[in-house]
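Here is the structure we will look at.
For the numbers below, each heavy atom of this structure counts, side chains included, while hydrogens, waters and symmetry mates do not. Every chain is numbered from 1 and lettered A, B, ... according to where its sequence line falls, protein lines coming before strand lines.
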Number of protein chains: 2
Amino acid sequence: MDRPKRRATRPEALLEKLRAAIEDGRLPPGARLPEEKLARALDASRARVREVLSLLANERLVELQTNRGAFVAKPTVEEARHICEARLMAERTTARLAAERATPDAVRKMREMVAEEQIAWDSDDVRNAVAKSRGFHRAIAEAAANPVLADILASLLSRSALTQAVYAARGAAGCLCHDHSALIDAIEAGDPDTAEAAMKTHMDNIISRLDLEPLAQEVDIEDALRDTL
Amino acid sequence: MDRPKRRATRPEALLEKLRAAIEDGRLPPGARLPEEKLARALDASRARVREVLSLLANERLVELQTNRGAFVAKPTVEEARHICEARLMAERTTARLAAERATPDAVRKMREMVAEEQIAWDSDDVRNAVAKSRGFHRAIAEAAANPVLADILASLLSRSALTQAVYAARGAAGCLCHDHSALIDAIEAGDPDTAEAAMKTHMDNIISRLDLEPLAQEVDIEDALRDTL
DNA sequence: TCCATTCGGATTGTTTACAATTCTCGCGCC
DNA sequence: GGCGCGAGAATTGTAAACAATCCGAATGGA
């Protein structure tokens with residue numbers, strides 16, 4: 001019963017495709033998401049697209065405006081800070097648990113991800129490099145052997161991708177592979193404290209490369225133009 | 001334009017109603033959720049009910065079986081452990097942040113919740129008491145002033161309610177108000193370390209009152225009956 | 001020339017009906 | 001009496017049509 005009759009995309013695959021497109025910036029923050037075009041592009045019914053959009057809205061990856069349609073979410077500075085804070089929490093715990101539970105196989109996967117990330121960086125394939133970086137963090141979550149925690153972290157990683165797209169300082173996207181290596185070493189050594197500390201410095205690095213201060217998110221028109229009158 | 005013409009329930013209100021019903025056990029784990037009956041009971045269209053069910057499935061509060069319908073989720077022992085672990089993480093961070101940021105108003109709300117919880121306990125209204133207990137934890141999350149974190153915790157609280165419904169040791173549901181008071185004191189004093197510690201012991205208490213060991217979740221029929229043959 | 005208004009196209013929201021699958025109950029057979 | 005089988009009912013999955021709303025362009029007037 002595996003004949004190619006299975007036209008169209010299954011619901012979860014559909015969601016995954018859209019999420020991936022948003023995560024690596026092919027659909028940038030603020031982009032419009034017309035139901036019918038999505039349906040055609042993904043070979044699905046409009047109803048299904050609608051459902052997927054509703055799901056993504058619940059994850060705060062898209063914003064649903066009544067009677068106006070769906071848009072890729074565009075986090076405010078405020079929200080970006082909250083996401084970073086939550087992610088710091090999740091990443092630290094994940095690193096600690098991974099150090100306690102990681103199997104050799106899981107460690108191998110992490111190193112693999114970092115290697116692929118490095119290759120992508122070397123060939124200036126930023127999009128792919130950032131994707132591999134996410135893959136690395138997901139690999140850690142897998143090693144932590146807690147699907148609930150992994151889901152939380154995955155969601156925060158997705159939203160982080162959005163904040164990076166909006167607030168990344170010029171030319172400074174993505175992680176530093178050096179940090180990654182130190183992290184893996186601590187996890188492989190089974191040292192939770194060191195792993196957590198390494199993750200903390202890693203996250204500090206990531207956050208410090210964000211431009212959360214200077215952007216005036218919403219300007220008051222009157223204020224802005226008062227002295228030009 | 002506020003005339004009562006607004007028949008039926010708005011989508012988010014709908015979701016909230018269902019979630020609440022699941023949280024406080026009016027819809028117990030494993031319960032069937034026929035779309036049409038829900039639609040009638042909530043005065044909504046079937047399409048909308050469908051969408052809400054899909055949302056709740058994404059939160060793992062209901063399980064969606066293709067062609068078979070929706071059921072209130074019934075966490076396995078494994079999953080229950082994972083939820084507890086994740087919740088411990090979220091609660092500790094929340095308590096710490098609340099201690100750093102709580103306003104007098106927020107503290108007042110916490111005390112209010114605890115008081116109402118105590119009243120409910122005294123009148124043997126278990127369901128209401130547990131609900132107030134959740135409200136208390138939510139109040140802390142609000143004081144932590146991080147909506148992202150608050151959403152994560154809220155989701156984990158919902159799922160915790162499910163695990164409690166399945167695995168709570170006989171007659172030992174809910175939190176201990178004594179713990180709550182100590183926690184609030186630490187938060188009010190603005191002492192993050194003490195608050196986090198208090199929350200940790202509180203969570204340890206909650207978890208220790210769960211029966212996660214003895215239940216054989218899925219029995220192998222052959223094994224179970226081998227020596228009776 | 002600029003602004004307000006209105007009309008048409010496009011997109012979203014909702015309902016309806018229909019197709020497919022599963023469950024239940026009753027019948028016949030072993 | 002118990003088991004398997006099959007028809008009917010009930011429920012879910014899907015698609016299509018309709019209604020409501022919003023956006024943009026063209027028109028008319030100041």
Side-chain angles (χ1 to χ4, degrees), chain A residues 1-18 21-22 27-28 30-74 221-222 225 229, chain B residues 1-18 21-22 27 30-74 221 225 229:
Chain A
M1 300 296 172
D2 252 3
R3 50 185 179 174
K5 178 205 170 183
R6 173 182 288 163
R7 61 148 182 64
T9 325
R10 290 195 318 304
E12 42 168 42
L14 193 64
L15 194 147
E16 224 38 62
K17 271 191 181 179
L18 244 186
I22 294 176
L27 293 172
R32 201 150 189 294
L33 300 172
E35 303 181 348
E36 207 152 353
K37 284 186 182 173
L38 285 181
R40 238 172 334 203
L42 297 168
D43 187 25
S45 72
R46 199 162 76 88
R48 202 167 281 288
V49 169
R50 236 177 129 64
E51 180 186 335
V52 169
L53 286 177
S54 171
L55 249 29
L56 288 173
N58 209 45
E59 299 179 28
R60 305 287 198 277
L61 247 52
V62 319
E63 189 185 352
L64 243 41
Q65 298 182 20
T66 44
N67 283 329
R68 299 224 29 232
F71 301 81
V72 177
K74 201 171 184 174
I221 296 294
E222 286 190 35
L225 300 182
L229 292 178
Chain B
M1 299 293 173
D2 251 3
R3 51 187 178 172
K5 177 203 172 184
R6 173 182 289 162
R7 61 146 181 65
T9 325
R10 288 195 318 306
E12 41 169 42
L14 192 64
L15 195 148
E16 224 39 60
K17 270 191 183 179
L18 245 186
I22 293 175
L27 293 173
R32 201 151 190 292
L33 300 173
E35 303 181 348
E36 207 152 354
K37 284 187 182 173
L38 285 182
R40 239 174 333 210
L42 297 168
D43 186 24
S45 72
R46 198 162 76 88
R48 203 166 279 289
V49 169
R50 236 178 128 64
E51 181 185 334
V52 169
L53 287 177
S54 172
L55 249 28
L56 289 173
N58 209 45
E59 298 180 27
R60 305 284 197 280
L61 248 52
V62 320
E63 188 185 352
L64 243 41
Q65 299 182 20
T66 44
N67 285 328
R68 300 223 29 231
F71 302 81
V72 178
K74 201 171 184 175
I221 297 294
L225 299 182
L229 292 179

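Using a 4.5 Å heavy-atom cutoff, the side chains of A:Leu64 and A:Thr66 are not in contact.
Every side chain to side chain contact (heavy atoms under 4.5 Å, CB included) that B:Ala31 has, sequence neighbours left out, goes to B:Pro28, B:Val72.
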Pairwise N/O distances under 3.5 Å, protein to nucleotides 16-19 of chain D:
none

Write down the protein N/O and nucleotide N/O pairs, taken from nucleotides 21-23 of chain C, whose separation is under 3.5 Å; answer none if there are no such pairs.
from	atom 1	to	atom 2	distance (Å)
C:dT21	O3'	B:Asn67	ND2	3.4
C:dC23	OP1	B:Arg68	NE	2.3
C:dC23	OP1	B:Arg68	NH2	3.3

Would A:Leu27 and A:Leu18 satisfy side chain to side chain contact (heavy atoms under 4.5 Å, CB included), going step by step from the backbone distance to the final call? CA-CA 9 Å; A:Leu27 293 172; A:Leu18 244 186; 3.7 Å; yes
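Interface residues of residues 50-58 of chain A facing DNA chain D, ordered by number: none; criterion, heavy-atom separation under 4.0 Å.
For the atom pair CG (A:Asp43) and NZ (A:Lys17), the distance works out to 8.0 Å, reported to the nearest 0.5 Å.
Within the nucleic acid shown, A:Ala47 has no heavy atom closer than 4.0 Å to any nucleic acid atom.
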Can you give each donor-acceptor pair under 3.5 Å made by side-chain atoms of residues 32-42 of chain A, sequence neighbours left out, with the distance rounded to 0.1 Å?
from	atom 1	to	atom 2	distance (Å)
A:Arg32	NH2	A:Arg68	O	3.0
A:Glu35	OE1	A:Arg46	NH1	2.5
A:Glu35	OE2	A:Arg50	NH1	2.6

Please output the side-chain donor-acceptor pairs of residues 51-60 of chain B that fall under 3.5 Å, not counting sequence neighbours, one pair per line with the distance.
from	atom 1	to	atom 2	distance (Å)
B:Glu51	OE2	A:Ser54	OG	3.2
B:Ser54	OG	A:Glu51	OE2	3.2
B:Glu59	OE1	B:Arg19	NH1	2.5
B:Glu59	OE2	B:Arg19	NH1	3.1
B:Arg60	NH1	B:Asn58	O	3.4
B:Arg60	NH2	A:Asp151	OD2	3.3

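Atom CG of A:Leu64 and atom C1' of C:dT12 are 10 Å apart (whole Å). When rounded to the nearest whole Å, the span between CD of B:Glu36 and C1' of D:dT12 equals 10 Å.
Taking every side-chain heavy atom of B:Glu35 into account, D:dT12 is the closest of C:dT12, D:dT12, C:dT14.
Listed pair B:Ser45 / C:dT14 fails the phosphate criterion, with no side-chain N or O lying under 4.0 Å from OP1 or OP2.
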